[in-house]
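Below is one structure, written out as structure tokens; the observations come after it.
Basis for what follows: all heavy atoms, side chains included, without hydrogens, waters or symmetry-related copies.
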Amino acid sequence: MGAIRSAEGGPLRRTGRSVGRLVRAPFTGAARGVRKATNAHGAGESGLGRLIELHAVNSAGDMMITIALASTVFFSVPTDQARGRVALYLAVTMAPFTLLAPVIGPLLDRVPHGRRAAMACAMLARALLALTMSGAVATGGLELYPAALGVLVASKAYGVVRSAVVPRLVPPRIALVKANSRVTLGGLLATGVAAPLGAGLHQLGPAWPLYGACAVFAFGTYLSLSLPHKVDSAKGEARARLTAPEYRHHLTKQRKRPRTPGLRTVGASVLHGLQANGALRMLSGFLTFFLAFLLRVHPLGGLSPAFSLGVVAVAAGTGNALGTAIGALLRSRGPEKMIALVLTVTLGTTIVTAVLYSAFFVVVMAAVAGIAQALGKQSLDALIQRDVPEEVRTSAFARSETLLQMCWVVGGAIGILLPLNGVVGMAVAAGFLALGALTAVRGLLAAARRGSPHPRVA
């Protein structure tokens, strides 16, 4: 009897295993493909591949939380009420964040031996806050906003630490600018996957995207702790300061301490690059909020408000991905000229959009802004790698990221306060881009002609 059962069960078990392999094949194949891509060119051995995967998880979780918040704060109520809710969201989250952002970089500078723990804490905090928000997301209660502030602070803290970690994990065969491009591209691809997944979870209920985000960030906590131990090494590092060399020299004489290298001691390239990227990041924050409301009231010709927002979001995301891919393919030579070029082109596109305002130019504006932000940030990374001494380079990444996040907040605040007029909005955007161009482009081109004060192989 046992032999008969074995004979009968054998084919069934083999059939079940075959079906299981067929079902798992697409997922295991995709996982192997992703792992092969992230670990290419020595990234697997250096640990950069694991960081790329971690950043992809981070971006997916942030997208799910964004979907949950957008559906509650923006889409679920009429436009006038939505604008009030978003204004309240900015007041309760962005205003305190503007005060906290300058503290994030210097605070994290003091824990160079705990970077893995800091990233894990940022992930775990967002997992717990996602659960907290899940109870309030359906009603839109005030308790939602402090939790959203916590998520925002944790997300930006992760971004600052990640920028400081990348230089520690770059393999010999990859330049730093290309490594940052690969990390960013991994996050963009994960965002593209998480967006429809989060939208699908939202169909089950407003809290479900937050449950998904909680699971994603919990996995991110594990990935953070699994990064190589050299991430926590601070050998040869010091803190970068954004102070004038003469003033710091005066302090050094007073305190009788060795002078610490700072960003101003390596020439004007990095500072002008920060100014230009600050203008581009302001544009990103501005377009995020301004177009969200503008297209809801005045959608693109013949389209629904939701579809109009989707078209602009896809254009911006595609532009960002394209800029990241271009940055990964280009050599990191002439970053000053690249930053000056993308800022000038973006300014010209914004002026044309203001003068010839139409649905077509709004989409073009979103795409150009995405490309410019990606290429500008990668070129800034190349400048920091080339001109900032190694002992303060990771600190410089942390502080520059904090400054750029503050610029995004300022741009977002401008976007929410303006009247919903496309021409006026694009004119204002052109105004602060022109200010950025006046303060940065001439200095960038002059610095490019002089060359690097500290020549390095990028």
Side-chain angles (χ1 to χ4, degrees), residues 176-177 180 240-248 261-287 319 323 326-327 330-355 365 368-389 393 396-397 399-408 410-411 414 426-456 458:
L176 181 58
V177 64
N180 277 287
R241 290 181 170 83
L242 287 170
T243 54
E246 296 80 5
Y247 177 69
R248 292 194 307 102
L263 294 183
R264 287 187 184 270
T265 65
V266 295
S269 294
V270 171
L271 291 176
H272 289 309
L274 274 172
Q275 290 169 342
N277 274 270
L280 292 172
R281 193 64 68 93
M282 279 185 65
L283 178 66
S284 174
F286 173 81
L287 292 178
I326 293 172
L330 292 176
R331 294 184 179 272
S332 56
R333 295 176 182 175
E336 296 99 338
K337 294 180 180 178
M338 178 60 72
I339 295 174
L341 175 63
V342 296
L343 180 57
T344 303
V345 170
T346 306
L347 173 59
T349 305
T350 309
I351 293 173
V352 171
T353 304
V355 174
M365 178 73 249
V368 169
I371 294 173
Q373 182 178 323
L375 283 174
K377 181 59 168 66
Q378 291 163 33
S379 299
L380 175 63
D381 291 343
L383 285 176
I384 293 175
Q385 179 195 23
R386 189 194 70 187
D387 291 353
V388 176
R393 192 179 298 159
F397 273 105
R399 290 169 183 261
S400 65
E401 182 64 24
T402 300
L403 288 174
L404 293 180
Q405 296 296 350
M406 291 177 63
C407 290
W408 189 92
V410 173
I414 295 173
M426 293 301 106
V428 170
F432 61 72
L433 284 176
L435 180 61
L438 287 173
T439 57
V441 169
R442 184 177 178 182
L444 284 168
L445 295 179
R449 288 193 294 269
R450 289 194 302 267
S452 169
H454 301 283
R456 300 175 191 274

Original post:
Closest heavy-atom contact between Ile384 and Ser400?
Top reply: CD1-OG, 3.7 Å
**OP:** First locate atom CG of Leu280, then atom SG of Cys407, and finally report the distance between them rounded to the nearest 0.5 Å.
**Re:** 10.0 Å
Subject >> Closest non-hydrogen atom pair, Ala279 against Phe432 >> reply: O-CE1, 4.0 Å
Original post:
In Å, rounded to the nearest 0.5 Å, how long is the span from CD of Gln275 to CG of Leu435?
Top reply: 9.0 Å
Original post:
Could you walk me through whether Thr346 and Met365 pass the side chain to side chain contact (heavy atoms under 4.5 Å, CB included) check?
Top reply: CA-CA 8 Å; Thr346 306; Met365 178 73 249; 4.0 Å; yes
Subject >> Over all atoms of both residues, closest heavy-atom pair of Thr350 and Ala430 >> reply: CG2-N, 3.5 Å
**OP:** Given side chain to side chain contact (heavy atoms under 4.5 Å, CB included), test Leu287 with Met426 step by step and report yes or no.
**Re:** CA-CA 9 Å; Leu287 292 178; Met426 293 301 106; 3.8 Å; yes
Original post:
Between Leu383 and Ile339, is any pair of side-chain heavy atoms under 4.5 Å apart?
Top reply: yes
Original post:
At their closest point, which heavy atom of Gly273 faces which heavy atom of Leu380, and how far apart are they?
Top reply: C-CD1, 3.9 Å
Subject >> Considering all heavy atoms, the nearest Ser284-Trp408 contact >> reply: OG-NE1, 3.5 Å
**OP:** Please name the residue in the list Leu444, Val441, Thr439 that meets the side chain to side chain contact (heavy atoms under 4.5 Å, CB included) test with His272.
**Re:** Leu444
Original post:
Which pair of non-hydrogen atoms, one from Ala354 and one from Ala427, has the smallest distance, and what is that distance?
Top reply: CB-N, 3.9 Å
Original post:
What is the distance from atom CD of Gln373 to atom CG of Leu343, rounded to the nearest 0.5 Å?
Top reply: 12.5 Å
Subject >> Minimum side-chain heavy-atom gap Lys377-Arg281 below 4.5 Å >> reply: yes
Original post:
Taking C-beta and beyond as the side chain, do Ile371 and Val342 meet within less than 4.5 Å on heavy atoms?
Top reply: no
Subject >> Separation between OG1 of Thr344 and CG of Leu433, rounded to the nearest 0.5 Å >> reply: 10.0 Å
